[in-house]
Amino acid sequence: MYVRMSTDHQKYSTENQADSIREYAGRYNIEIIKTYTDSGKSGLSLDGRDALKQLIDDVQHGKPEFNTILVLDVTRWGRFQDADESAYYEYMCRRAGIDVQYVAEQFENDGSPVSTIVKGVKRAMAGEYSRELSTKVFAGQCRLIEMGFKQGGHAGYGLRRMLIDEHGNPKGELLVGQHKSFQTDRVILVPGPAEEIETVRWIYKAFTENNMRESKIAEELNRQNILTDLGRTWSRGTIHQILTNEKYIGNNVFNKISYKLKKKRVLNTPDMWVRADNVFEAIIEPKYFYTAQGIIRERNRKFTDQEMLDKLKKLHQRQGWLSGIVIDEEDDMPSSSMYRHRFGNLIRAYEMIGYTPDIDYSYIEINKNLRKFHSKIVEDTINKIRTLGATAHLDEKSDLLFINNELKVSVIICRCLQTEAGSLRWKVHLDTGLEPDITVAIRMDINNEKPLDYYLLPALDIENPKMRLAENNGLALDTYRFDELEVFFQLTERVEIWEAAC
């Protein structure tokens, strides 16, 4: 049987689905030999639905021992925006000689004209339900924005999230990773620590009155050992974000970016933004904010293709080499993303100024696959920990796993590099600024396609944040090497007090 629930809040949804499917199976004398479960997964697409992917893969290549797949109804199979996609996955099963039965539907999925028509309507209705729900949710979010409530996301340096009840009474400050517990509660932004507020004000004055560029401001803050609210060093990007966000003058702005129904990410024009002005306590005077916007707009005026290429060529002559980071760190240049948008990609822009990078750019595709792998292994790790009775969640800002609200874990992927002599090496960069208790370093195989092994590196024992691992690293490091992650999962598992005492 295949069961799916849309969100983690639907705690008993999969159990209820399974009960109905077992009742149906008992009525028709069907033996259930395997269960595929997608917990907390949207039905809009196949992305993230590992159980359904595995089911389809087993049907196609795994020579399954079953001949029927039981699903509660059409919506649990999926609320695909293209009804043909839902039909395609079912067809793949039927082509392999395996029936798909929807146990709670009023039609028999027997391939008859009636069932085909009804099923097509049901699939279209399932997709339409998600579209209608998306519209309603968006309208509700817009209404809350106009009322002055924050809708998700990080507070930002110099600000904090304050939880208030339905009557507007403060309930306490939300820390990073914390969420409201009642639907009627709301979140607003309030000024943060006094030293952070003073830093934000200094940033604006340095930019507008002293003509300091973002990169110079970042250098000065780092020189003074001032860290961001996430405990990281400053960069040109983090300074620019502070200089361009209206929340610092008390405005609440929403819908700058759209990502509805798992579709393409869209940057919306200002006329589509939803805003409420002066709803938070401002920590910056408007004159500084709008002066900063004028400076940035003048700097980012529309360059011609030739002007952009001339600037890129001068940068290459000055630096000797080019990269996206080098371009983004220049104050008087368009961003690397602008070069990609205008010329298709950075390599094309490089070619047009006669610059040929002495780099094998196959690593770009490898890195893209490794990022996907990182997301998957983090998701699988969280699910495994939860099955052991522990709690786990990912903090999106720091990218740390918080386990049982006690243990901070960093998961990093170590790409395999081959030296000219044929030896294998792995670079390990520990993010000590975030102070994880344990870093799970995953060494990839020679093709960078699957894990080779795992290093569980405790913060107490690892002093050097940058390491270069060989195939064998001696007892001091290989003590922490494991072929599987079972040892790590055992660390997170909850046990009874009497058992721990024994």
Side-chain angles (χ1 to χ4, degrees), residues 157 199-200 202-228 230 232-245 267 288-289 291-368 370-371 415 417 419-420 425 427 429 431 433 465-466 468:
Y157 188 82
T199 299
V200 172
W202 178 83
I203 289 172
Y204 271 88
K205 288 184 179 180
F207 186 76
T208 58
E209 295 181 351
N210 301 333
N211 297 319
M212 288 181 66
R213 298 292 186 169
E214 292 97 325
S215 56
K216 294 298 182 182
I217 294 174
E219 288 177 10
E220 179 61 24
L221 292 176
N222 291 331
R223 188 187 66 80
Q224 298 180 33
N225 294 321
I226 297 175
L227 299 177
T228 70
L230 295 177
R232 300 174 180 174
T233 56
W234 294 90
S235 68
R236 180 185 181 276
T238 52
I239 298 297
H240 186 78
Q241 189 178 45
I242 287 179
L243 289 171
T244 55
N245 202 311
L267 295 175
Y288 288 113
F289 179 82
T291 300
Q293 306 324 298
I295 294 172
I296 292 171
R297 277 197 300 272
E298 175 60 24
R299 189 178 66 194
N300 291 344
R301 65 183 177 83
K302 188 174 178 63
F303 294 102
T304 65
D305 289 359
Q306 190 57 49
E307 285 176 327
M308 291 180 66
L309 292 174
D310 289 343
K311 285 181 174 292
L312 192 64
K313 190 171 184 178
K314 290 179 181 178
L315 178 62
H316 172 234
Q317 291 171 347
R318 189 166 65 250
Q319 292 287 113
W321 64 289
L322 294 173
S323 73
I325 295 177
V326 170
I327 295 171
D328 289 336
E329 287 300 319
E330 283 294 308
D331 291 315
D332 295 320
M333 284 192 65
S335 65
S336 60
S337 60
M338 181 61 71
Y339 278 97
R340 292 187 186 95
H341 175 74
R342 188 73 65 87
F343 301 104
N345 54 59
L346 284 179
I347 304 301
R348 174 62 178 155
Y350 294 161
E351 291 175 350
M352 295 179 73
I353 64 169
Y355 171 59
T356 304
D358 188 21
I359 298 175
D360 178 9
Y361 275 89
S362 62
Y363 78 93
I364 295 177
E365 191 64 29
I366 293 175
N367 287 348
K368 184 166 66 173
L370 291 182
R371 284 193 293 269
R415 181 180 167 208
L417 304 170
T419 67
E420 294 182 359
R425 296 292 184 268
K427 291 182 180 179
H429 296 280
D431 201 338
K466 294 183 180 181
R468 185 176 173 90

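We use all heavy atoms of the structure for the numbers below, so side chains are in, but hydrogens, waters and symmetry mates are not. Count residues from 1 along the sequence.
The structure places CG of Leu227 at 10.0 Å from CG of Leu221, a figure rounded to the nearest 0.5 Å. The CE atom of Met352 lies 7.0 Å from the CG atom of Asp305; values are rounded to the nearest 0.5 Å. Separation of atoms NE2 (His240) and CG (Asn245) is listed at 10.5 Å; rounding is to 0.5 Å. With rounding to the nearest 0.5 angstrom, the CD1 atom of Ile242 is 7.5 Å from the OH atom of Tyr157. Interatomic distance, His429 NE2 to Arg468 CZ, rounded to the nearest 0.5 Å: 9.5 Å. From Lys216, atom NZ reaches atom CD1 of Ile239 across 13.5 Å, with rounding to the nearest 0.5 Å.
Of the possible polar contacts, none joining the Gln319 side chain to the Lys314 backbone as a donor-acceptor pair under 3.5 Å is found. At least one donor-acceptor pair under 3.5 Å links the side chain of Tyr355 to the backbone N or O of Leu322. Side-chain N or O atoms of Thr238 include none that pairs as donor or acceptor with a backbone N or O of Trp234 at under 3.5 Å. At least one donor-acceptor pair closer than 3.5 Å links the side chain of Arg342 to the backbone N or O of Phe303. With hydrogens and angles ignored, the 3.5 Å screen pairs no side-chain donor or acceptor of Tyr339 with any backbone N or O of Tyr350.
Shown here for Arg236 and Ala218, the closest heavy-atom pair between the two residues is N-CB, 4.2 Å. Here the shortest heavy-atom pairing between Thr244 and Ile296 reads CG2-CD1, 3.6 Å. Taking both residues in full, the closest heavy atoms of Ala292 and Thr208 are given as N-CG2, 3.7 Å, listed atom of the first, atom of the second, then distance. The minimum heavy-atom distance linking Ala349 with Leu309 is given by the pair O-CD2, 4.1 Å. Between Phe207 and Met212, the shortest heavy-atom contact is CD1-O, 3.2 Å.
For the pair Leu243 and Ile295, the minimum side-chain heavy-atom distance is 4.5 Å or more. Tyr204 is not listed as a side-chain neighbour of Thr291, based on a closest heavy-atom distance of 4.5 Å or more. By the 4.5 Å heavy-atom criterion applied to side chains, Ile226 and Trp202 are not counted as neighbours.
Applying the 6.0 Å contact sphere to CD of Gln241 captures no more than 12 heavy atoms from other residues, nucleotides or ligands. Environment of CZ in Arg232: crowded, with over 12 heavy atoms of neighbouring residues, nucleotides or ligands closer than 6.0 Å.
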